[in-house]
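One structure below.
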Amino acid sequence: MDDELAAGMRAQRLRDLIVGRREFLNLRQEEVADRLDMSARNYGNWERGVVKEWTDDKLFLLAEALEMTEFQVARLFLIAVDRIPETRPVSGHGCADSPSLDAFLFDYAAMMEALSLPTFLIDHRWQVKSANAAYRDLFRGLSHQPGAMPSASFLRFGLFHPDAPATLVDYRNWQLSMLAQLATSLERHDQDVNLRCLQGEVHRHPALRKAYLNDMQTWVLGAGVDLVHHEGTARIIRHPDPLIGLQSCRLVEETPRALQARGLTRITLVLTELDAEGATDLLCSKPAPCGV
């Protein structure tokens, strides 16, 4: 009886997610069925949970038809099959490689370059795929550390570059949030070799290992699960231009579907001036980092 109740609750949660997303997009069942190249009756069965087996292909097709974000896809899989999905590139609806998409990406890079705020594109490993002049300017003058430059990997820079504590001023919070981001990325892409290698490097570093296994777990309870997806958190960063100096920094994600389809995410560092009192308090009370 308990199993039947649990199955019923799971089916209702899945229905709520699918129907809720369709209604959010103001789509009729027939329109979603057209996207899935099936009859409206068959799609109606999907919404009602009358499905012999939820395969990965069915779930990915449904997620694409309902224009779900990565996080919504993960929730869909967790409810339907009780696990996180394997990485799969999204296709269709104008997202596949094409001359028009290449033109869009070229224009998008030009738009990024024109922005005054530092902004950059990353993949699921937080490897930097493109960055604008403001981003490059923010991190100019750093000592060369192969594999840990912010132009290559934002996570590796924050965790392993010896200049990171001077740039990421409230370094303890930056460091713990990056470790939390690594843990979150591994949950979503647990077979990714590069992420596993990065985790191995953290574990071989005694101070980072302690922070990853102990301090980060406690920090997450109050601060959030990763670098971007907890609202209201601003950190402190030091601009190399002394006339700019210390800045409040908030990471904001804003990614169009064409970039999501390629597994890319755009992050903008929203920099605002610190008031004198806040800057003084920060400089007088720097938390001890775990070491780089």
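Side chains are part of it too, since the values below use all heavy atoms of this structure and drop only hydrogens, waters and symmetry mates.
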Under 3.5 Å, is there a donor-acceptor pair linking the side chains of D170 and W174? yes

For S143, check side chain to side chain donor-acceptor pair (under 3.5 Å) against everything at least two apart and list the hits. D163

Any donor-acceptor N or O pair under 3.5 Å, side chains E47, Q29: yes

May I ask you to say whether D34 pairs ionically with R28, meaning some side-chain N is under 4.0 Å from a carboxylate O? no

Which class fits the ring pair F160 and H205: parallel under 30°, tilted 30 to 60°, perpendicular over 60°? tilted

Nearest-0.5 Å distance, OG of residue S185 to CG of residue L198: 9.0 Å

Salt bridge (charged side-chain N to carboxylate O under 4.0 Å, His left out) against R156, all qualifying residues, sequence neighbours excluded: E201

Donor-acceptor contact below 3.5 Å, side chain Q247 vs main chain L274: no

Could you pull out all residues at least two apart from Y212 that satisfy ring-ring contact (aromatic ring centres under 6.0 Å, His included)? H203

Give a yes or no on whether the backbone of D215 and the side-chain of K210 come within a donor-acceptor separation of less than 3.5 Å. no

Parallel, tilted or perpendicular: rings of Y135 and F154 (30°, 60°): tilted

Mind running salt bridge (charged side-chain N to carboxylate O under 4.0 Å, His left out) on R35 and E30 for me, showing each step along the way? CA-CA 9 Å; R35 292 185 176 188; E30 292 79 5; over 6 Å; no

Exercise: do Q181 and S177 side chains pair donor with acceptor under 3.5 Å: no

From L264 CG over to T255 OG1, what is the distance, rounded to the nearest 0.5 angstrom? 8.5 Å

For R13, what residues pass the salt bridge (charged side-chain N to carboxylate O under 4.0 Å, His left out) criterion, not counting sequence neighbours? none

State which residues pass salt bridge (charged side-chain N to carboxylate O under 4.0 Å, His left out) with R125; sequence neighbours excluded, sorted by chain then number. D123, D192

How long is the span from the CG atom in L66 to the CG atom in L76, to the nearest 0.5 Å? 8.5 Å

For atom CG of D107, decide whether the heavy atoms of other residues, nucleotides or ligands shown that lie under 6.0 angstrom number more than 12. yes

For the atom pair CE (M149) and NE2 (H144), what is the distance rounded to the nearest 0.5 Å? 6.5 Å

Treating R238 as the side-chain partner and L246 as the backbone partner, does any N or O pair qualify as donor plus acceptor under 3.5 Å? no

Judged by modelled atom types alone, do R75 and Q72 share a side-chain donor-acceptor pair under 3.5 Å? no

Not counting sequence neighbours, which residues clear salt bridge (charged side-chain N to carboxylate O under 4.0 Å, His left out) with E254? List them please. R266

In Å and rounded to the nearest 0.5 Å, what is the CZ to CZ distance from R250 to R235? 9.5 Å

